[in-house]
Amino acid sequence: MKFRHLLTAVAFAFCASTASAQTFQLSHNAGAGNPKDVASLKFSEIVKEKSGGRLQVDVGGAAQFGDDAETITNMRLGTIAFSANSQGTTSAVVPEIALLGLPFLFQNLEQAEAVMDGPVGDKIAAAAEAQGLVVLGWWNNGIREVSNSKKPIVAPEDLKGMKIRTPPDPMTIDIFEALGASPTPMAFSELYIALQQGVVDGQENPLINIYSSKLHEVQPFISMSNHKYEATPFLASKIVFDGLSAEDQEIVRAAAKEAGDLNRKMVRDQSNELRATLEAAGIKFNEVDPAPFVAATQPVYEKWRAQYPELVDELIAAAKEAAQ
């Protein structure tokens with residue numbers, strides 16, 4: 001108990017600025033203009049407005065307050081209050097979150113949103129809270145595609161031996177190992193330079209992230225693999241959140257919902273618009289027949305079902321229901 005009280009004291013020593021206002025930090029890794037960034041700024045604006053200025057949120061994008069892994073650690077200590085984090089990084093602490101990225105589980109964003117807003121999303125959120133992270137909302141990152149500097153990826157064989165940067169996410173690593181690539185985990189903040197210098201041949205991300213972080217400048221080929229969905233878990237430190245009054249907790253939750261609606265709309269809209277923008281910039285796109293990729297990644301399901309049999313089956317059932 002003494003340790004918990006100490007952490008609470010640290011959190012509020014860090015957050016309290018004056019007797020009349022508290023300032024909290026919100027961390028994310030996305031570039032300016034990315035839906036994650038825009039929604040985070042909207043969250044800050046709403047919290048300030050609804051609290052009459054008592055609560056203020058300082059947004060640190062592009063990993064200004066540390067990369068996603070550092071942020072998760074600091075949130076569990078109570079020294080960072082909020083984060084629009086990444087699915088892969090959060091799964092290092094909450095392994096159940098990785099299941100959202102099972103290969104080819106979701107065909108579109110609307111299907112994924114329906115599942116995340118239902119009982120399965122609630123169950124995964126409960127697992128996160130047990131690890132000191134409060135899920136305030138399941139924002140979107142998008143459906144992920146493969147880019148590279150060498151050639152179109154048409155069949156799994158085209159990935160053989162290719163160094164593909166992945167997040168530090170066991171699910172994505174498993175997918176690309178199953179496809180014959182050489183997955184190379186690294187922080188997103190290091191990715192552009194790694195691509196530019198040829199440390200890795202390619203990477204996988206939603207078009208929104210590819211565009212907002214200018215990865216297309218060093219990746220002339222994008223293959224529309226649609227291989228996995230990526231949520232953006234919008235998180236609060238449980239230490240900080242539990243220290244708020246019931247009224248302020250409700251302000252934070254309402255702001256997260258409104259900002260999350262904006263994030264989801266932006267992701268849907270931009271996912272449909274960005275291909276033309278990138279094609280105009282000279283990027284070569286190709287379509288992908290999913291059948292051989294689905295077949296090659298079936299062992300990924302078998303591996304994760306062995307560890308989380310009930311949750312994997314619940315996810316698959318919920319995804320099928322949402323697709324109807």
Original post:
Would His28 and Asp37 satisfy side chain to side chain donor-acceptor pair (under 3.5 Å), going step by step from the backbone distance to the final call?
Top reply: CA-CA 7 Å; His28 68 76; Asp37 178 59; 3.0 Å; yes
**OP:** State plainly whether one hydrophobic cluster holds both Met224 and Tyr229, where clusters connect Ile, Leu, Val, Met, Phe, Trp and Tyr through side-chain heavy atoms under 4.5 angstrom apart.
**Re:** yes
Original post:
Do the side chain of Thr297 and the main chain of Val294 share a donor and acceptor less than 3.5 angstrom apart?
Top reply: yes
Subject >> Qualifying side chain to side chain donor-acceptor pair (under 3.5 Å) pairs with a residue from residues 53-67, counting only residues at least two apart or across chains >> reply: Arg54-Asp248
**OP:** Decide whether Val288 and Leu207 are clustered together by the hydrophobic rule: side chain heavy atoms of Ile, Leu, Val, Met, Phe, Trp, Tyr closer than 4.5 Å, transitively.
**Re:** yes
**OP:** Return the set of residues passing side-chain contact (heavy atoms from CB on, under 4.5 Å) with Ala322 (not counting sequence neighbours), or none when no residue passes.
**Re:** Gln111, Ala114, Val115
Determine all donor-acceptor pairs shorter than 3.5 Å in which one atom belongs to a side chain in residues 187-194; sequence neighbours excluded.
| from | atom 1 | to | atom 2 | distance (Å) |
| --- | --- | --- | --- | --- |
| Tyr192 | OH | Glu217 | OE1 | 2.6 |

Original post:
How long is the gap from OG1 on Thr166 to CD1 on Ile175, to the nearest 0.5 Å?
Top reply: 10.0 Å
Original post:
So which heavy atom on Val120 is nearest to which on Leu311, and how close?
Top reply: CG1-CD1, 4.2 Å
**OP:** Ignoring hydrogens and angles, tell me if any N or O in the side chain of Ser91 forms a donor-acceptor pair with the backbone of Gly88 under 3.5 Å.
**Re:** yes
Original post:
Is there a side-chain contact between Pro206 and Gln270 (heavy atoms, below 4.5 Å)?
Top reply: no
**OP:** Please answer: with hydrophobic residues joined when any side-chain heavy atoms are less than 4.5 Å apart, are Leu109 and Ile210 in the same cluster?
**Re:** yes
Original post:
In chain order, what residues pass the side-chain contact (heavy atoms from CB on, under 4.5 Å) check against Ser237, with sequence neighbours excluded?
Top reply: Met75, Ile239, Val240
Subject >> Residue pairs involving residues 80-98 (criterion salt bridge (charged side-chain N to carboxylate O under 4.0 Å, His left out); sequence neighbours excluded) >> reply: none
Original post:
Would you say Asn209 and Leu215 make side-chain contact, with heavy atoms under 4.5 Å?
Top reply: no
Subject >> CD/Glu279: more than 12 non-hydrogen atoms of other groups inside 6.0 Å >> reply: yes
Subject >> Contacts of type side-chain contact (heavy atoms from CB on, under 4.5 Å), residue Ala255, not counting sequence neighbours >> reply: Phe43, Ile46, Val47
**OP:** Using modelled atom types only, decide if a donor and an acceptor are shared between the side chain of Glu145 and the backbone of Asn226 within a distance under 3.5 Å.
**Re:** yes
Original post:
Between Met266 and Met116, is there a shared hydrophobic cluster once you connect ILVMFWY residues whose side-chain heavy atoms come closer than 4.5 Å?
Top reply: no
**OP:** Classify the ring geometry between Trp139 and Phe234 as parallel (under 30°), tilted (30 to 60°) or perpendicular (over 60°).
**Re:** parallel
**OP:** Tell me, please, which residues at least two apart from Ala181 pass side-chain contact (heavy atoms from CB on, under 4.5 Å).
**Re:** Leu159, Ile164, Phe176
**OP:** If a pair satisfies salt bridge (charged side-chain N to carboxylate O under 4.0 Å, His left out) and one of its residues is in residues 82-93, list it, with sequence neighbours excluded.
**Re:** none
Subject >> Side chain to side chain, Ile72 and Leu133, heavy atoms closer than 4.5 Å >> reply: yes
Original post:
Does a side-chain heavy-atom distance below 4.5 Å link Phe82 with Ser44?
Top reply: no
**OP:** May I ask you to decide if Ser27's main-chain N or O and Ser83's side chain share a donor-acceptor pair within less than 3.5 Å?
**Re:** yes
Original post:
Would Ile173 and Tyr301 show up in the same hydrophobic cluster when neighbours are defined by side-chain heavy atoms closer than 4.5 Å?
Top reply: no
Original post:
Is there a donor-acceptor contact under 3.5 Å from the side chain of Ser212 to the main chain of Gly31?
Top reply: no
Subject >> Worked check of side chain to side chain donor-acceptor pair (under 3.5 Å) between Asn140 and Asn263 >> reply: CA-CA 7 Å; Asn140 269 337; Asn263 164 271; 5.3 Å; no
Original post:
Got a donor-acceptor contact below 3.5 angstrom from the Gln203 side chain to the Arg165 backbone?
Top reply: no
Subject >> Heavy-atom side-chain contact between Thr89 and Asp169 under 4.5 Å >> reply: no
**OP:** State, with a plain yes or no, whether a side-chain heavy atom of Leu136 is found less than 4.5 Å away from one of Phe241.
**Re:** yes
**OP:** Might you confirm whether atom CD of Gln131 has over 12 heavy atoms from other residues, nucleotides or ligands at distances under 6.0 Å?
**Re:** yes
Original post:
Heavy-atom distance under 4.5 Å between the side chains of Ile208 and Val267, does that happen here?
Top reply: yes
Subject >> Within residues 113-133 or reaching into it, pairs that qualify as salt bridge (charged side-chain N to carboxylate O under 4.0 Å, His left out) - sequence neighbours excluded >> reply: Glu113-Arg268, Asp117-Arg264, Lys123-Glu314, Glu129-Lys238
Original post:
So which residues get pulled into Ile251's cluster when ILVMFWY side chains under 4.5 Å apart are joined, directly or through others?
Top reply: none
Subject >> Under the ring-ring contact (aromatic ring centres under 6.0 Å, His included) test, residues paired with Trp138 that sit two or more places apart >> reply: none
**OP:** Examine distances only and state if a side-chain atom of Gln107 and a backbone atom of Phe104 form a donor-acceptor pair shorter than 3.5 Å.
**Re:** yes
**OP:** Measure the acute angle between the ring planes of Tyr211 and His216, then classify it against the limits of 30° and 60° as parallel, tilted or perpendicular.
**Re:** parallel
Subject >> Backbone of Asp201 reached by a side-chain donor or acceptor of Asn148 within 3.5 Å >> reply: no
Original post:
Is Lys265 paired with Asp261 through a side-chain N to carboxylate O contact shorter than 4.0 Å?
Top reply: no
Original post:
Which residue pairs satisfy the salt bridge (charged side-chain N to carboxylate O under 4.0 Å, His left out) criterion with at least one member in residues 298-313, sequence neighbours excluded?
Top reply: Asp174-Lys303, Arg305-Asp313
Subject >> NZ/NE/NH1/NH2 to OD/OE distance under 4.0 Å, Glu250 and Arg253 >> reply: no
